[in-house]
Amino acid sequence: MQGRAYAGYLLPVIAISAMLFLLILTLSHLTAVHDQMRNNDQANMTWVLSRTQIKTLRLQASARQHDGSAQANEELVHHLTLLLSRLHLLVEGPQQRFLKAIDTESELLARTEAFLDTYQGAVQGKVLGPGQLEILVAQLVILQEELEQISRKVMFRQWEIDGRQLDGYRNTVLGAITLLVGILFCSLFISAKLLLTLKRTQAAHATELRSMELEARLISEQQANGLYRHFASMMSHQFRTPLSVMDASLQRLLRTRGPLSREELTRRVGKAREAIVRLTTVLDTLLTTDHPLETERLPSEAYELRLIAQRAIAIQQLTTPHARIELKGGTDTVLAKCNPGMTEQILLNLLSNAVKYGPPGKPVMVRVHEGGDMACCDVTDAGGLLAENDIPELFKRHFRGVQASVAPGSGLGLNIAMQLAQLQEGRIQVGVEPGKHTTFTLMLPLATVSDTPVTKGSERSDDT
Amino acid sequence: MPIRLFHAYWYLLAVILGTAFFLTPAAVGAVQDSQLPLAPPEGPVILVVAGNIARVNIEDEAHFDELMLQALPTHTLHTHTVVTDGTHRFDGVLMRDLLSHVGAQGETVRALALNSYSLDIPVRDFHEFDVLLATHMDGQRLRSHNKGPLWIIYPRDQHRKLQDIRYDYRWVWQLHRLTVQ
């Protein structure tokens, strides 16, 4: 498997290495041409020889026309000076080597050196006699012939050199072109490979995104399904509190001996009616939200969390009249963006747990406050029996902690509370100080100024 | 307090005048030197500078003999040449020094050799490079039956740009006349 993965890299690595190798070769080729082009050592040779020939002829003419006058002598010395200068050039290193390479048998160089030796003194003031002039002319004739012969050879040689040099440039440039074609192919291959990989990566990325989206949708579907499946158990749990309130009121009514005053009757029946109102509120919540389990449809209005807490406490007091529940904290208005019916149910579930699991006789504290951008309501009991390990499991359906064994329950209350909180974009946090107290905090989004507070409490249930 | 200040002004004035007194002859001398006509040559003339020049000695030309050239600041250069083997030492005068000595104004200089070789050289060459008007090669006086009396030498080894045939043909030997244009 791993071998296969490496095999995928093999071709691109070979292509890149080949391209780098070809690039280096091309560079060296071009550098070679660059250096060759600077080499123009022999470029002067034809010109040097032609100038020397001209000076030889000029001196010959001057010597032949010499009439013995000082002016003629001056002219002769001038032309001799110029010829000597040219001959000096011929016997200098580069020119000498070139001439030797062309014709090893030529006597031109030896003749030139001899000529220089003989006449160097003549330009420094010595006057040449008629006999010497004849010798000079004879020497110049021979020199001229030699120069002519070698000039032709130099010219051929120069053409050969030029041709060879051009061949060299052509070959090097051709080599560079071939290498560049190779580089082109390599880069085309690499580019194609790159584009293909890019396309594949993008396709894979799109598939991944799609599958993540599908997975998220599946999870939310599953959650919704779960809620619908457990709808009955949820509802029965939520109906239990108002029903037990009604039951208690009616039982007390039955147990009453003797006639009841009109006021007493009204009070007791009133309690039962309030429980009915509770039931109606639960039903109302279900009915007014077309689909109670879809968050998108939940109304989000600003409600004063303290008022909702007060109502929840009052209802809880009906079922457990002996329990002490105290609403603490300041009187500052804390507005939550929520559904009042659901919030009330959450708090009722938290309160009933606190009363159930808190030590008897110790009060349950309720505190409404702001925490960051959340509206919070703490429900604290003086229990502190909750085990740390249980906290993550606490909100799972039918989970019952160690302390729950002391009281009856279905293990649904916290699960429902959490789900209702989440439906309102809120959550429930648990804090335990072992042996001292346990705090459940309902956190709901804090209402901003734009969430116009249409109502400051759960007025809807009052009207029913 | 005003009296002391008054003294300070006098002191300052004295210092300024004193400085001016010592500096003036040198400054005036320098100015005059570059504006004075050239002294006439005493020995055989080696070089003639003609054309657009401010300082002349014979008619409207500047004629130089050996001594007059030697009086100019000398400069040394080590370089290869295209017609010889190995590195050589050249001594002589910088072209730009010579041109400024004669107060030359122009864009090009026409160089003329004894062998009738003639060539226009841009003056900017002499400012861009230390171009030498060589009188000596390897310590030996250049002779006219070789490459003397003067040879224009470019610092070929010091600048890669100069290793080019387009600069090589500016190395005029047997030079004897410059015309500023």
Side-chain angles (χ1 to χ4, degrees), chain A residues 34-59 74-100 112-113 115-126 158 162 165, chain B residues 43-48 66 79-90 111-119 134-138 140-154 156-177:
Chain A
H34 182 256
D35 287 346
Q36 280 170 25
M37 283 177 162
R38 286 206 166 274
N39 183 10
N40 55 12
D41 283 355
Q42 315 298 346
N44 290 327
M45 217 44 216
T46 319
W47 181 76
V48 167
L49 279 171
S50 78
R51 302 311 294 176
T52 315
Q53 268 179 290
I54 290 169
K55 298 300 171 201
T56 312
L57 289 171
R58 292 290 293 275
L59 181 60
E74 196 180 319
E75 196 190 316
L76 182 88
V77 168
H78 174 68
H79 289 301
L80 185 58
T81 306
L82 297 183
L83 177 63
L84 289 178
S85 167
R86 293 290 162 192
L87 293 177
H88 268 296
L89 201 61
L90 279 187
V91 294
E92 289 280 4
Q95 292 74 238
Q96 193 184 52
R97 273 197 301 281
F98 192 86
L99 292 175
K100 274 184 182 165
T112 304
E113 271 163 20
F115 193 91
L116 283 169
D117 282 347
T118 314
Y119 294 101
Q120 213 133 273
V123 291
Q124 287 158 358
K126 291 184 189 167
Q158 197 75 59
D162 288 351
Q165 208 163 18
Chain B
V45 173
I46 302 167
L47 175 71
V48 175
E66 191 78 29
T79 184
H80 281 83
T81 85
V82 276
V83 291
T84 53
D85 280 338
T87 313
H88 298 279
R89 175 200 160 115
F90 292 95
L112 183 68
L114 290 173
N115 56 20
S116 307
Y117 185 86
S118 174
L119 169 77
T135 52
H136 291 74
M137 176 173 162
D138 298 326
Q140 299 285 313
R141 183 68 179 92
L142 289 166
R143 297 284 166 203
S144 47
H145 58 79
N146 200 334
K147 295 184 184 62
L150 299 163
W151 188 1
I152 293 178
I153 302 290
Y154 277 74
R156 195 178 202 273
D157 289 3
Q158 286 74 25
H159 301 275
R160 213 170 152 75
K161 186 183 173 185
L162 297 180
Q163 292 159 27
D164 187 302
I165 195 156
R166 282 163 293 182
Y167 281 99
D168 288 339
Y169 75 74
R170 298 180 193 180
W171 292 48
V172 181
W173 60 63
Q174 291 186 311
L175 177 84
H176 78 115
R177 189 180 172 88

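A note on names: the letters A, B, ... follow the listed sequences, proteins ahead of strands, and every chain is numbered from 1.
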Practice prompt. Kindly check if the number of other-residue, nucleotide or ligand heavy atoms within 6.0 Å of CD (Gln158(B)) is above 12?
Written response: yes
Worksheet entry | Top contributor to chain A interface from Thr84(B), Leu114(B), Asn115(B), Asn146(B) [non-hydrogen pairs under 4.5 Å] | Asn146(B)
Worksheet item: Quick one: are Val83(B) and Pro94(A) in side-chain contact, heavy atoms under 4.5 Å?
Response: no
Worksheet item: Is it the backbone or the side chain of Arg58(A) that comes under 4.5 Å from a heavy atom of chain B, or both, or neither?
Response: neither
Worksheet entry | Side chains of His88(A) and Arg143(B) in contact at under 4.5 Å (non-hydrogen atoms) | no
Practice prompt. Answer whether the closest heavy-atom distance between the side chains of Gln174(B) and Leu82(A) falls below 4.5 Å.
Written response: yes
Fill in: Between NE2 on residue His78(A) and OG on residue Ser144(B), distance to nearest 0.5 Å
9.5 Å
Fill in: Verdict with supporting geometry, Leu83(A) and His145(B), side chain to side chain contact (heavy atoms under 4.5 Å, CB included)
CA-CA 8 Å; Leu83(A) 177 63; His145(B) 58 79; over 6 Å; no
Worksheet entry | Results of ring pair (Phe, Tyr, Trp, His ring centres under 6.0 Å) for Trp173(B) - residues two or more places apart only | Trp151(B)
Worksheet item: Which residues satisfy the side-chain hydrogen bond (donor to acceptor under 3.5 Å, both in side chains) test with Arg177(B), sequence neighbours excluded?
Response: Glu61(B)
